[in-house]
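Note that this is a predicted model, so its numbers are computed, not measured. Atoms considered below: every heavy atom in the structure, side chains included; atoms not considered: hydrogens, waters and symmetry mates.
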Amino acid sequence: MSPVTRVPVLRGRDAEENVLLRLLDDARAGSGGALLLTGAAGMGKTALLDLAAARASGFRVLRVSGVEPESGVPYAGLHGLLRPVSGVVAALPAAQARALAEALESGTCGAGLVLPAAVLGLLSAVAAERPVLACVDDADRLDAASLDALSFVARRLSCEPIALLFTSRPPPSHAVPYGEREPEGFDGEAMRRLEGVPARELRGLDGPAVRELAADLAPGGLAEDLSAALDQIARGNPLALRELIGALTPDQRAGLAAPPAVLPPGGRLWREHTGVLARLPARTRRLSLLIAADPALDVATLARAASPACALSVLEPAERAGVLRADGDAFVFREPAMRAVTYHAASLAERRRAHRLLADLLTPGGCHAGGWEGLRRAWHRAWAGDGGEEAGDELARAALAVRWAAGSSEPCLASERRAGFPEPYLALERAAELTADPAVKAGRLAAAARHAWVSGRPLAARSLLARLRSPGAPEELRGHVQLLRGSLELLGGETGSAREELLAAARGLLDSHRVLGVRALVRAADASYRAGDNRAFIAIARQAAALRRPDEPAPAQLMFEYLAGMAHTFSGLHQEAAGPLRRVLELAGSVRDPAVLTWACVAGMLLGEDAVAHRLSARAVEEARLRGAASAVPQLLEFTIYPDVWTGRYASVAATAAKGLRLARETGQHNTAAQHLAWLAISAAVEGDQETCRIRADAAIELADAHELGLAGAVGNWALACLDLAAGRVADAAGRLRAERRNRHVVIRVMSTPHYIEAAARTGDRERAAAALRVLERWVGSTRSPGLRALVSRCRALLAVRPGEAEELFLDALRLHGQGVCAFEAARTHLLLGSALRRDRRPGAARNHLHTALETFERHGARLWTEQARAELRASGEPVRPAADATVSQLTAQQAQIARMVAAGATNKEVAEQLFLSRRTVEHHLRNIFSKLGIRSRVELVRFM
């Protein structure tokens, strides 16, 4: 019994795997062909050949790999490929047999068709017994004579049971996503010789595939932020990711040390890159090192560094080798990983000389004191090793000045920091390394950690904080360090421990750094808000009220008012909450801090001021971007979603949550990621995509349980209840929204109350529905929102008992909806009114409302609600008109969304990234879409849509 061939698992290569399987199937059927796979080193070309060989059951498999030492030996490649079947040569016609034998034995052969025809004849003879799979790896390193013969064969396989696969690196002039090694004289000749052979380029893996591969390579699991940090180097290159994960230290895996900044020295990709560099002229390497040491280097400065005789022409070999490319007024590395290799592969003396030269070339100052030019000069001086502690002091001053300037909007700032180099947190870390005084050193490390966190690098922040645990860290830094640790824990860890850390920080900061101390208190309260722990929030608010002074600055006043208003809200005292919350909105105009604006956004939302809340959230996001506060953006995006939910802009909810989820994962904010997953579940519920809704809601709830996130758990549960309600499972919806464990969060419980009242009323549980309505009325009475008053009228209508009362209340709700902007909720009211009129045996009056609801649901792509409206229309006695896009309506909600995105020009990779699916899933959906719509290509889909 023959052993079972193990089929390799390749992440993110589903499309390529399908192409290979079709090629093998065609060869089995006697209609063979060839395929050229191109891509950078490590992209998985050889792994795909392995996969093809493993899937080629019943085939005779022949393989050869091109190697540089044999690239000048004629027919060396054919010798390696055909040697296992050379015994069949005798079966060829005499002239072909002689030519092939001569080529394989002595490496000589005359010109003409005799030899390539002989190769085709030999493979055909072998294939007469069973199909043949011939794999030629690294065809760009194969000798030219062999490649000519095989390319001849590749173009003549349409009637043969033969599959011929080639792999090659793209020529250096081709813009590939990963820097490439170039053998002597390689200029894309292989690509020209293989012209006419179908080609497919392997690009970097997408986000889901990277996460899957990381899970394969690290069975114990890697944190999302660590995986994202590694992919900043790997850029989707599977081998790079494999080598990086394999080289991680225990401290790096645990988040106690910064992740690697360069490919592992000695690894295959490191050798590939250093091999390229070794073949460059010495002068080219020296200038390339300057660019690696300062990626913001412009052409004018670089020209001053080059000798007048050669000027910048010395970089031409690096351009031809695919190492560098011109980009505006600068040279950049084709692949960022190549920059790090270029720098770290140089000797310490070479690096110091480069930094010394750059420090001399750059002038201090910039367009304002402490600008980025000054920081660059100080950075190079610190790494040149000449200035000692004085250089560290200069670097720290420059970094702190730029940190302060980054919050401004001076017009020169963008041009100064065009390459974002060097990042201030790295400069502060280097300054600390050059500092002898323990207290000063600790202060610089703390400043570096804070800037690393703000700029979206939580792993670097944690590793810097770990260095502050040593004895010698000054007492006055403790509050700052606790505030940063608590902030990290708040968005990525357990809310309980975050609250305790932040309360400790507040105690240490309130006297010496008043506003920071108040901020720590509010963040501790936020930890309670996320946990759904109302009592803890109220206790913190009372503590804050006792500490308040009459002369607080505006940001502190806003925070105190926010805590007071929220505490009243959590106590059910909505009228008492309105005053402090309105003062929050009044103070927001004088505040620019993104986090403080977020709290103002919450106040606007609780007051029913959706437009105000939306403007404040947009302002907060913009301020964070101006300040370079990448870590704040995912959380700020979360608060832009609330007003979109209230106003029924669910497409905006989905887009914002998808972006927020990606950014939260990249910055290690697991708690924020859970919240965005939950909102994505809400949008899927509205669309009627039941499978996606459940997957996202379950993932959010799982994270919520692990991190004590009552908020995310409540939104995830609400999403499932919305799905039940849309599908007509009203008892299930009522049960979910009644469950105490999943509905502890006051804000989400109030937001979901209209759904609960509807579900409870339709199941006959009028007593509980009426009690919930009383709570909703108290909150809505404290607002001025016509949209919220419309929901109250709709809920009253559902519980009405007097004849005609329900219709009157429904019509009042529609009048109030007309003053708001939520067309979706208006459609839901039309549906409920139409259904009530139909049950009252007034089908004519019902149809107008049902048609209005149907049109809105169709426009929103709300499939399950559309089905409800159609069912009610049929029950009213009216044949339901076919939709204008009746065929499209056969698609599921997710299929329709994918069809629209593809028709708009999105690639499968882009669709997968935006919808957080794998490419394989997208391709599966596309096949089903094509089948349902009766089309065969993306072009036809564009026309159809």
Rounded distance [0.5 Å steps], [atom1] in [X] versus [atom2] in [Y]:
X	Y	atom1	atom2	result
R794	L816	CZ	CG	12.0 Å
L428	L400	CG	CG	5.0 Å
L737	S752	CG	OG	5.0 Å
L637	R662	CG	CZ	9.5 Å
L503	S528	CG	OG	7.5 Å
L677	L661	CG	CG	4.5 Å

May I ask you to decide whether [X] forms a salt bridge with [Y], counting only side-chain N to carboxylate O separations under 4.0 Å?
X	Y	answer
E758	R828	yes
E622	R627	no
R530	E708	no
R582	E609	yes
R796	E777	yes
R619	E623	no
D765	R738	yes

Please tell me if the side chains of [X] and [Y] come closer than 4.5 Å, counting only heavy atoms from C-beta onward.
X	Y	answer
R499	D533	yes
R649	V653	no
S785	V780	no
W646	M751	yes
E501	Q482	yes
L516	L510	no
T656	F639	no
P458	L488	yes

*If you count the non-hydrogen atoms of other residues, nucleotides and ligands that lie under 6.0 Å from CD in E576, is the total more than 12?*
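Counting neighbours around CD of E576, more than 12 heavy atoms of other residues, nucleotides or ligands fall under 6.0 Å, so yes.
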_Exceeds 12 heavy-atom contacts within 6.0 angstrom, atom CZ of R253_ = yes
So, [X] side chain and [Y] main chain: donor-acceptor pair closer than 3.5 Å or not?
X	Y	result
E638	Q675	no
D812	A790	no
E825	G648	no
R467	L445	no
R542	I540	no
D610	D644	no
H670	A664	no
S782	W779	yes
H707	G493	yes

*With W453 as reference, evaluate L491, L465, L464 under the side-chain contact (heavy atoms from CB on, under 4.5 Å) test and give the passing residue.*
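Per the side-chain contact (heavy atoms from CB on, under 4.5 Å) rule, the option paired with W453 is L491, out of L491, L465, L464.
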*Can you tell which of L723, D724, L725 makes a side-chain contact (heavy atoms from CB on, under 4.5 Å) with R736?*
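Among L723, D724, L725, the one meeting side-chain contact (heavy atoms from CB on, under 4.5 Å) with R736 is D724.
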*Would S617 and L636 count as a side-chain contact (heavy atoms from CB on, under 4.5 Å) if you check the C-alpha gap in whole Å, the side-chain angles of each, and the deciding distance to 0.1 Å?*
CA-CA 7 Å; S617 63; L636 297 175; over 6 Å; no
*asked:* Tell me whether the rings of Y425 and H451 are parallel (<30°), tilted (30 to 60°) or perpendicular (>60°).
replied: parallel
*When you look at L509 and H480, which way does the side-chain contact (heavy atoms from CB on, under 4.5 Å) test go after all the steps?*
CA-CA 8 Å; L509 290 170; H480 295 274; 3.9 Å; yes
Where do [X] and [Y] come nearest, in terms of heavy atoms and distance?
X	Y	answer
P754	C795	CA-SG, 3.8 Å
T495	A531	OG1-CB, 3.5 Å
L547	L521	CD1-CD1, 3.9 Å
Y650	S683	O-CB, 4.1 Å
T598	A620	OG1-CB, 4.3 Å
V584	A600	CG1-CA, 3.5 Å

Judged by modelled atom types alone, do [X] and [Y] share a side-chain donor-acceptor pair under 3.5 Å?
X	Y	answer
S487	R523	yes
R694	Q690	yes
T829	H817	yes

*Which is it for L606 and M566 under the side-chain contact (heavy atoms from CB on, under 4.5 Å) test, yes or no, and what are the steps along the way?*
CA-CA 9 Å; L606 290 176; M566 292 295 288; 3.2 Å; yes
*Is the gap between the ring centers of W599 and Y529 under 6.0 Å?*
no
*Take T753 and V775 through the side-chain contact (heavy atoms from CB on, under 4.5 Å) test and state the conclusion after the steps.*
CA-CA 9 Å; T753 294; V775 174; 5.7 Å; no
*side-chain hydrogen bond (donor to acceptor under 3.5 Å, both in side chains) assessment of Q635 paired with T672*: CA-CA 6 Å; Q635 185 185 13; T672 308; 5.7 Å; no
